[in-house]
Amino acid sequence: MEMVVSKHFIICFFLLIPFFGYAQENILKRKISFEAENLPLEQMLLGIANVGDFSFSYNPQIIQGDSLINLKVVDANISAILDHVFHGTVVYKVSGNHLILLRDKPEKVNENRKYSVSGYVYDAKTGERLSSTTIYDVYTLTSTLTDEYGFYTLNLTSKYEEFGLAYIKSDFVDTLVLVQSADRKIDIRLRPKWSQAELSVKEPQLQSSIKPLDNISMVQKFVPNDQFIRTKNIDVIEQRTAQISLIPKIGTNLKMSGSIENSFSLNVFAGYSAGVRVMEIGGLMNINKRNVTGFQAAGLSNIVGGRTKGVQLAGISNNNLGSLHGLQAAGISNMVVDTIRGVQLSGISNFLQGGMKGWQIAGISNITTKNVDGIQISGISNFAKGDVDVMQVGGIINMGRNVNGVQLAGIINAATGKIGGAQLAGIGNFASEVKAGQLSGIINIATKQVGGVQIAGIVNYGKEIRGSQLALLNISDTVSGLPIGFISFVRKGYRSVEISGDEIFYANLLLKTGVRKFYNIFTGGLVPKENIKTWGFGYGFGFEKPIGKKFHHSYDFTSNWISEGDKPFGTLNLLNKLSINFAYQWGKRTSLFLGPSINVHLSEWINSDTGEFLSAIAPYTLNTTVIGDTQMQLWVGGQFGIRF
């Protein structure tokens, strides 16, 4: 291998064990405390690097290593310390976890000259040639990649007497060489980084918040593969004030755009950068490998590999692989693969693969795979795999684990855990436990406890109801309030069968179900003669109260449809009764009872020829009143029987 670079132009090589999350901002803005008294500059730089947890690379020619330095700083930025030491004569660039020191203004030649550097890149350990290695000029960012045989050619145009070439490949130690402006053939051997198994001291593994973008189909269409390779080899090498690009590979940052952070970025059609710190505008698309801070807007889509702080607007979609702090708004969809502190607003859907503190508002659906510490509002559906702290409002369906506030849906609410407030839905509510109540048009289900009221058009089910139920059918284990409905079944409540006789029907059968404070009554009665022509059935409700240990009294309100003689079945013949019963507890579940009753009989059974009312059900009357075609009869009766 021919080596034409003189010894004093080879920059110091440093072993680098990088952590993926480090960027230029992290190194230059890291704050350290350091003190040096008459310490050689070279040793001082080594001490700063150790405290700041990074490595320096520099040309010994621009550093007077034996000069003595006095320095005392407390909680100061790395950049401020170096500005003080070098008085602004050195330029700082970052490559991985290296801080590269370069001359501020390399000496110029008379005119721009074209140079060519070529050679091979080898694995220093195995001797194999390395493909897809990035080689770039640290001044102009002109770059190239080695081919499948490890060969490269880099054509440069420069007006300086020297240029710096960086040789970088993932999993290998970064190497930087300063070359005098002339055609050169340079072969480089890159040393592999030490693996964790080879280190005598195990280094902690840091989790990166930056996700690769190269698997996103839309990014693949806009960003050439060779730019992906460059950015895979190099994290962030520089921060610039502004850039302009037409498409990712055509712009002021050239093909190294994916490794440069910009304060301001303008992408005529589409752009690809390491990140943005103030503002980015894209005609079609903005693509950022790392973080975005400030304002970002695109005609079609924004795609960010790291976190976003500020406002992100897109005509179609936003796709964030990191966290969002601020506002994200899109015409169709938003996606965040981390956490949100702020607002997601979209015309169709919001997707969050993480937790949220704030709002999700979508025309169709919101989806969150973890907790929602805020509110979800959508035209159709909301889904939270975790807990919802405040509210879910959906046009059709809401789903969550624990909802500490309210679920409101046009059709269905479902929570696998607790509802801290209420559930309101047009059709059904489903939850494990509800603190305040459930209100729906058809069905409410709580598999454990309801702290307040259940109200449904058809069915309520709850294991433990600490309030009341109101529906056509109520089912529960226990109810502390009133289960009000056509049928109420309480497993640990009140159920009884009564056999009794009264002045009308000698044989009555009554079924009672619910709780003692309010139960439903199903009745049937007949006159047991050989040719039975008088019988009836009915429904009612009642309540029972104890009088001491053995005695209790009850009040039953029933309404019975009476079939009498040859009366047509559809003709009104209704017996309404208030029964007051006094019972004696005889055994564990058996009671004997008797008591008076007040009867009101309504009948429209009339002889059409004579106009005479034909019903003879009343044994006697205290009062008879005729209103139109209806006869009302009033009398006092009584009943006695046995209750099981």
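Everything quoted here is computed from the prediction, not taken from an experiment. Quick note: residue numbers are just sequence positions, from 1.
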CA sep, side-chain torsions, deciding dist, call: Lys255, Asp226, salt bridge (Lys or Arg N to Asp or Glu O under 4.0 Å): CA-CA 8 Å; Lys255 291 186 178 182; Asp226 62 339; 3.2 Å; yes
Calculate, to the nearest 0.5 Å, the distance between atoms [atom1] and [atom2] belonging to [X] and [Y] respectively.
X: Asn429; Y: Leu439; atom1: CG; atom2: CG; answer: 7.5 Å
X: Ile316; Y: Ser346; atom1: CD1; atom2: OG; answer: 13.0 Å
X: Lys309; Y: Arg341; atom1: NZ; atom2: CZ; answer: 10.0 Å
X: Lys370; Y: Ile340; atom1: NZ; atom2: CD1; answer: 13.0 Å
X: Thr144; Y: Leu154; atom1: OG1; atom2: CG; answer: 6.0 Å
X: Ser273; Y: Met256; atom1: OG; atom2: CE; answer: 13.0 Å

Is the backbone N or O of [Y] less than 3.5 Å from a side-chain atom of [X], with the two atoms forming a donor-acceptor pair by type?
X: Asn77; Y: Ala80; value: no
X: Asn286; Y: Ala297; value: yes
X: Thr308; Y: Val304; value: no
X: Thr523; Y: Gly538; value: yes
X: Asn233; Y: Ser132; value: yes
X: Ser488; Y: Gly514; value: no
X: Ser468; Y: Gly481; value: no

[X] versus [Y]: any side-chain heavy-atom pair under 4.5 Å?
X: Phe430; Y: Asn444; answer: no
X: Asn319; Y: Asn302; answer: no
X: Tyr519; Y: Thr513; answer: no
X: Lys448; Y: Glu464; answer: no
X: Gln296; Y: Met279; answer: no

Lys435 and Glu433: CA distance, side-chain angles, deciding distance, salt bridge (Lys or Arg N to Asp or Glu O under 4.0 Å) verdict: CA-CA 7 Å; Lys435 184 176 182 180; Glu433 186 174 327; over 6 Å; no
Ionic contact status for Lys492 with Asp477, cut-off 4.0 Å: no
Kindly give the heavy-atom pair with the smallest separation between [X] and [Y], and that separation in Å.
X: Ser257; Y: Pro248; value: OG-O, 3.5 Å
X: Asn318; Y: Ala329; value: ND2-O, 3.0 Å
X: Ser378; Y: Asn366; value: CB-ND2, 3.6 Å
X: Val450; Y: Gln438; value: CG2-OE1, 4.2 Å
X: Ala456; Y: Val459; value: CB-O, 3.3 Å
X: Gln360; Y: Ile367; value: NE2-O, 3.6 Å

Ring centers of Tyr167, Tyr152 separated by less than 6.0 Å: yes
Ring centroid separation Phe518 to Phe541 under 6.0 Å: yes
Salt bridge (Lys or Arg N to Asp or Glu O under 4.0 Å) between Arg401 and Asp387, intermediate numbers included: CA-CA 5 Å; Arg401 187 170 61 187; Asp387 300 338; 2.8 Å; yes
Derivation of the side-chain hydrogen bond (donor to acceptor under 3.5 Å, both in side chains) call for Ser245 and Asn267: CA-CA 5 Å; Ser245 69; Asn267 303 308; 2.6 Å; yes
Pair Phe489-Asn474, side chain to side chain contact (heavy atoms under 4.5 Å, CB included): steps then yes or no: CA-CA 6 Å; Phe489 177 81; Asn474 297 305; over 6 Å; no
Parallel, tilted or perpendicular: ring planes of Phe486 versus Phe522, cut at 30 and 60 degrees: perpendicular
Residue pair Ser317, Ser301: steps toward the side-chain hydrogen bond (donor to acceptor under 3.5 Å, both in side chains) verdict: CA-CA 5 Å; Ser317 66; Ser301 180; 3.2 Å; yes
More than 12 heavy atoms of other groups within 6.0 Å of Lys418 NZ: no
